[in-house]
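None of the values given here were measured: they were computed from a predicted structure. In what follows, chains are A, B, ... by sequence order, proteins preceding strands, each numbered from 1.
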2 protein chains.
Amino acid sequence: MKRTKTEGTPLPLNQILLGDCVEIMNRMPEASVDLIFADPPYNLQLRGDLHRPDNSKVDAVDDHWDRFDTFAAYDRFTHDWMKAARRVLKPNGAIWVIGSYHNIFRVGAALQDQGYWILNDVVWRKSNPMPNFRGKRLTNAHETLIWASKSEGAKYTFNYEAVKAMNDDVQMRSDWVIPICTGHERLKDATGAKAHPTQKPEALLHRVLVATTNPGDVVLDPFFGTGTTGAVAKRLGRDFIGIDREAAYAEVAEKRIANVRKANSEVLEVTKGKRAEPRVPFGQLVERGMLQPGEVLFSPRNKTAKVRADGTLIASDCKGSIHQVGAAMEGAPSCNGWTYWSYRRDGIMVPIDVLRQQIRAEMK
Amino acid sequence: MKRTKTEGTPLPLNQILLGDCVEIMNRMPEASVDLIFADPPYNLQLRGDLHRPDNSKVDAVDDHWDRFDTFAAYDRFTHDWMKAARRVLKPNGAIWVIGSYHNIFRVGAALQDQGYWILNDVVWRKSNPMPNFRGKRLTNAHETLIWASKSEGAKYTFNYEAVKAMNDDVQMRSDWVIPICTGHERLKDATGAKAHPTQKPEALLHRVLVATTNPGDVVLDPFFGTGTTGAVAKRLGRDFIGIDREAAYAEVAEKRIANVRKANSEVLEVTKGKRAEPRVPFGQLVERGMLQPGEVLFSPRNKTAKVRADGTLIASDCKGSIHQVGAAMEGAPSCNGWTYWSYRRDGIMVPIDVLRQQIRAEMK
DNA sequence: AGTTTGGGTGAATCCGAAG
DNA sequence: CCTTCGGATTCACCCAAAC
């Protein structure tokens with residue numbers, strides 16, 4: 001069993017724990033988990049049967065674990081698991097919860113009431129939803145996920161560049177088009193019936209985990225079901241902890257995850273932003289003689305400033321760092337001096353950022 | 001002034017009432033309104049300023065009416081207007097409320113707590129949202145509407161065939177793609193500044209009213225603003241009642257609605273949704289398991305690259321998008337990665353573009 | 001007269017390491 | 001805890017002006 005450094009208590013990594021998730025989480029060490037993905041019962045409140053136009057019966061979610069007598073009972077249930085989840089979450093950890101209009105408003109309000117800080121609500125737009133057979137409402141074609149940090153101001157993980165890369169190099173939006181889980185991905189029991197009524201597509205978890213975790217992170221799923229979270233976590237080189245009350249689900253999940261192979265760690269490495277690059281002080285360029293004291297730098301609009309020996313700039317009416325002088329030149333609140341200034345070599349203008357690239361290349 | 005049959009009290013139809021919506025609704029006869037459309041303050045809780053990468057400042061919603069000290073204060077506000085709204089609603093009436101993740105969960109929970117019965121939550125997917133300028137979260141590209149009847153079992157209005165016809169004769173889904181309100185539709189004040197910070201597009205109200213009201217119905221908007229609800233209601237031959245606390249907004253709304261003419265035909269404009277083939281990010285193939293992280297792609301001349309978990313490629317000497325790596329392989333300025341790369345299945349090479357065709361077929 | 005280019009802007013909970 | 005400051009960060013669409 002893998003152990004983490006937090007506390008003396010071992011974390012049961014890459015296992016499925018059978019039982020009530022509140023009790024189990026309360027026995028876990030606090031602040032030990034990087035991400036929680038929760039797919040709690042939706043409290044669907046279905047009355048009676050539903051039949052398709054061809055009279056076939058819709059296989060509805062009528063399991064005992066989805067029945068609550070009142071909204072108050074559902075709220076108590078929500079409060080309890082969410083509080084236990086918050087305890088085991090690291091200070092900079094985050095949570096995802098998925099739901100439908102039956103429960104998601106109560107879930108979202110509970111998150112806010114408990115001090116979680118909502119980062120985005122995300123719409124899972126189903127490309128192939130079940131139609132509304134009676135024509136009495138709009139086709140319920142989406143579910144909602146809430147992404148929240150443990151508290152306001154926490155330094156949550158967000159692989160901005162990676163999800164931007166996944167989306168053809170434009171920012172990932174809050175609406176995700178993903179098919180529902182069908183076909184060979186949908187797990188069946190011995191009789192051929194679906195093993196779990198609300199199995200989530202792996203594509204959904206893939207995006208969640210790539211966006212908001214790093215390889216080696218610990219992902220906890222307190223309503224593990226057939227283990228989609230665990231399967232995707234394993235493939236992506238994350239550790240998981242699964243909890244479920246139903247032994248039948250856990251059994252299916254265990255087999256499923258055993259068949260998953262972890263991807264090569266080289267391909268799990270994800271596109272990093274410039275923030276991950278080491279900081280290079282401008283003064284180094286002068287120290288190294290890449291720029292001379294007294295050398296003139298040019299702005300895009302041909303304003304000039306002179307390089308001083310300490311790596312600051314001096315212009316006609318101001319002096320300071322490359323950023324400060326650039327901002328002053330433009331009357332702007334801030335300025336990236338690296339991309340703003342150029343110097344002249346053999347008659348052509350060269351951005352000073354080229355020099356920073358050289359230094360960074362040497363550092364590798 | 002038009003009168004309704006309910007009670008002896010006249011309904012102030014097609015007027016804008018200035019003042020607090022709770023007081024005004026409480027003076028109205030009960031059970032007298034067919035539909036309520038509410039666009040309450042969102043309680044955005046914005047902190048400091050935000051600048052775009054070009055250093056221009058974002059014109060944020062910082063109006064006094066959007067400031068609440070605590071969630072509890074916002075909940076009281078919500079409870080009060082929602083209760084007054086429920087009283088004036090006919091037994092078979094319905095309500096729409098729009099919001100963002102800042103407030104919609106509290107709104108939805110309040111609706112349920114007061115006995116409203118949620119029929120659908122609807123996602124307004126903005127085709128042109130404001131980006132996330134700092135790259136710290138997902139682009140907030142949608143808002144949420146909740147559609148609820150006055151109580152469970154009520155016989156609400158839903159024009160199933162009409163909205164189906166609006167949607168190319170397939171069932172209308174719960175996610176609606178509509179542009180934000182800009183251009184000539186966006187109302188400006190004398191100085192050219194926007195007359196209201198959160199004006200909603202008429203296309204949104206058009207769909208709401210066509211779907212859930214009949215001609216001659218009474219539509220109440222307790223947060224009338226610049227009167228989008230009134231303008232669309234008038235055009236569609238519905239009566240409206242608008243309430244707002246701000247005289248400046250009411251003045252703009254009055255002029256606006258005076259210029260609207262009631263449509264004589266039932267010609268329903270269709271929301272513009274041209275767009276050629278939808279763009280499919282390569283990362284989706286990985287998410288969906290059509291390609292595995294680590295899988296090898298082949299160029300026409302049998303060079304290879306590996307797929308990474310975020311949908312980028314890694315080759316011996318470079319990494320990036322399918323297009324970037326393809327271009328680097330060929331020493332070309334650009335490259336269409338979709339037609340350049342193939343993968344191997346059962347011994348034969350298949351262009352990855354085949355997979356894109358599959359996804360596009362699903363999206364229809 | 002068309003076409004291209006450049007500027008403006010939209011309900012936004014939008015930085016973080018170093019000292 | 002604070003303050004300071006380096007420097008990273010944007011998409012779709014409309015409109016006006018230039019060509």
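Considering only side-chain N and O atoms, His184(B) lies under 4.0 angstrom from the phosphate OP1 or OP2 of dC15(D). Checking the phosphate oxygens (OP1, OP2) of dT10(D), a side-chain nitrogen or oxygen of Lys164(A) falls inside 4.0 Å. Close to dG10(C), at under 4.0 Å from its OP1 or OP2, lies no side-chain N or O of Asn128(B). In this model, the phosphate group of dG10(C) is approached by a side-chain N or O of Lys194(B) to a distance below 4.0 Å at OP1 or OP2. Phosphate proximity of dG6(D) to Ser321(A): present, with a side-chain N or O under 4.0 Å from OP1 or OP2. A sub-4.0 Å separation between OP1 or OP2 of dG7(D) and a side-chain N or O of His323(A) is present. When the side-chain nitrogen and oxygen atoms of Arg52(B) are compared with OP1 and OP2 of dA8(D), none of them lie within a distance under 4.0 Å.
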How would nucleotides 14-19 of chain C be written as a contact map, 5' to 3', with B for base contact, S for sugar-phosphate-only contact and - for no contact, using protein heavy atoms under 4.0 Å?
BSSS--
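Taking the side chain of Gln324(A) as heavy atoms from C-beta on, and the options dG6(D), dT9(C), dC11(D), the nearest nucleotide is dG6(D). In the set dT10(D), dG7(D), dA12(C), dT10(D) carries the atom at the smallest distance from any side-chain atom of Tyr160(A). Listed nucleotides: dC13(D), dA11(C), dC11(D). Nearest to the side chain of Ser127(B): dC13(D).
Within the nucleic acid shown, Ile118(A) comes within 4.0 Å of at least one base atom, counting heavy atoms only. Residue contacts shown for Arg356(A) are limited to sugar-phosphate atoms, with no base heavy atom under 4.0 Å away. Note on Glu143(B): a base of the nucleic acid sits closer than 4.0 angstrom, heavy atoms only.
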Under the salt bridge (Lys or Arg N to Asp or Glu O under 4.0 Å) rule, what do Lys272(A) and Asp310(B) come out as? Steps first, then yes or no, please.
CA-CA 11 Å; Lys272(A) 289 272 192 294; Asp310(B) 64 352; over 6 Å; no
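A donor and an acceptor atom sit less than 3.5 Å apart, one in the side chain of Ser334(A) and one in the base of dA8(D).
Taking the six-membered ring where the residue is Trp, the centroids of His206(B) and Trp176(B) are separated by 6.0 Å or more.
Taking a pair as Watson-Crick or G-U wobble with both distances under 3.5 Å, DNA chain C forms stems of 3 or more consecutive pairs at C:2-10 with D:11-19, C:15-19 with D:2-6.
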